[in-house]
Amino acid sequence: MVRVGIAGIGFMGVTHFKAYQQVEGGAQVAALFTRDRQKLEGDWTNVRGNFGGAGGQQDLTGIRKYDDLDAMLADPEIDLLDLCLPSHLHRDITLRALAAGKHVLVEKPIALTVADADAMIAAAEAAGKLLMVAQVLRFWPEFAAIKDLLDSGECGALRGAHFKRVISRPDWSGDNWFADPDKTGGAVVDLHIHDTDFVQYLFGKPAAVWSTGSLSPNGQVDYLVTEYQYPGRNICVSAQGGAVAMKGIEFEHGFDVYFERGMLKHNSSTTPKLELYTEDGGKQELAPRIPDAFAEQLRTAVGGVASGRLPAALAARSARDSLATVLAEAESVRTGKPVEL
């Protein structure tokens, strides 16, 4: 049994808490950290995000509750720290958790700078502990189906893909920290990294990125379109993302993926089912093999801790490379030129 301590009871902390209930037999949420007394008492009704339901009322019987993070890190009956606190805190808390002998699963992005990510990876290697990053799109049912079809070769080689992820400006975080790019990295690092990471998961690190986009009044890239360049591979891959939508559509993601003998299509707003169009003119609705992305992701993390082996789909070094790539995309928007990686 892997004993988990969740740090942070915001949107992601609540999402992870609920998902652990689906990790049969292998994980136990042993402790929670938050400085909010209302949340420590199980009242999570004020927690919300841009998809899914609110936090609701939770029975926390048998779960140790901490309002001091160092006290939770010192708890000898915690094996894995699930870090769901704001992104600018990831480096410091990860280093403290590793020094306390914990394995760490950190919400994406791994950090806000490549230097911080490298420091986290080095600390995990020195401590002999697993450092995993929750890039959940790798487990998202419809997106995982792309990887399955690519690996199987059932529809031939992949020729092109376009991904989309657009949200309204987030205003659901505690103390509205999402509005501060110094804490989030802005829309490129906090949001668009999902699709850049998935592109790299499918095809590896691109040779270069070429992005166009628009800037917010504070100078942050708030919308962009990127072409990922893979010379000699005969593939064309792009993605668009940003926080520019209206409240009527708080969250939208999807893709069009073109294989030699088929096309996969999904959009959370307009095409919520996963559709496969075949070369004979047919159309099928596919049932993804993964029922719940967050539960599958946490099941994978727990399995890694139990076995002592780092799961490739959660590897921190891969997440570090995704961070480096989105930072290059932001540079490309500002310079108007492609950026080599």
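On a predicted model such as this, the values are computed, not experimentally measured, just so you know. The analysis underlying the following values was restricted to heavy atoms, covering all of them including side chains, and did not include hydrogens, waters or symmetry mates.
If you check the side chains of S322 and Y201, you find no donor sitting under 3.5 Å from an acceptor. Checking D82 against H16 by side-chain atom types alone, a donor-acceptor pair falls below 3.5 Å. In this model, a donor atom of one side chain and an acceptor atom of the other lie less than 3.5 Å apart for Q240 and H162. Side-chain N/O atoms of E227 and S238 include no donor and acceptor closer than 3.5 Å.
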- Task: Assess whether side-chain contact (heavy atoms from CB on, under 4.5 Å) is satisfied between D292 and Q22, documenting all intermediate values.
- Result: CA-CA 9 Å; D292 184 276; Q22 301 178 53; 3.8 Å; yes
- Message: Checking I78 against R64 for the side-chain contact (heavy atoms from CB on, under 4.5 Å) test, could you report, in this order, the C-alpha distance in whole Å, the side-chain angles of both residues, the deciding distance, and whether it holds?
- Response: CA-CA 10 Å; I78 294 175; R64 295 184 295 285; 4.2 Å; yes
- side-chain hydrogen bond (donor to acceptor under 3.5 Å, both in side chains) between T325 and Q200, intermediate numbers included: CA-CA 9 Å; T325 301; Q200 295 196 160; 2.5 Å; yes
- Task: Report the C-alpha separation of D67 and T34 in whole Å, then their side-chain angles, then the decisive distance to 0.1 Å, and conclude whether the side-chain contact (heavy atoms from CB on, under 4.5 Å) test is met.
- Result: CA-CA 5 Å; D67 60 8; T34 176; over 6 Å; no
- Item | CA sep, side-chain torsions, deciding dist, call: E41, D43, side-chain contact (heavy atoms from CB on, under 4.5 Å) | CA-CA 6 Å; E41 293 170 0; D43 183 355; 5.5 Å; no
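No donor-acceptor distance shorter than 3.5 angstrom exists from the side chain of K129 to the backbone of V104, with no hydrogens or angles considered. Checking side-chain atoms of E285 against main-chain N and O of E275 turns up no donor-acceptor pair under 3.5 Å.
Note on R289 versus D148: salt bridge recorded, some NZ/NE/NH1/NH2 to OD/OE distance being below 4.0 Å. For the pair E252 and R165, the salt-bridge criterion is not met [side-chain N within less than 4.0 Å of a carboxylate O]. Between E142 and K265 there is no salt bridge, since none of the side-chain N atoms of the basic residue sits less than 4.0 Å from a carboxylate O of the acidic one. Ion pairing between K108 and D197 fails under the 4.0 Å rule for side-chain N and carboxylate O. The existence of a salt bridge linking K164 and D256 is excluded, since no basic side-chain nitrogen approaches an acidic carboxylate oxygen closer than 4.0 Å.
The aromatic ring centres of Y66 and F33 sit 6.0 Å or more apart. Aromatic pair F11/W44: ring centres not closer than 6.0 Å.
Among pairs with a residue in residues 263-286, those fulfilling ring-ring contact (aromatic ring centres under 6.0 Å, His included) read H253-H266, F255-H266, at least two apart in sequence or across chains. Counting only residues at least two apart or on different chains, the salt bridge (Lys or Arg N to Asp or Glu O under 4.0 Å) pairs with a member in residues 318-341 are D118-R320.
Considering only heavy atoms from C-beta on, N46 comes within 4.5 Å of Q38 through its side chain.
Applying the salt bridge (Lys or Arg N to Asp or Glu O under 4.0 Å) test to E24 and every residue at least two apart in sequence or in another chain returns R299.
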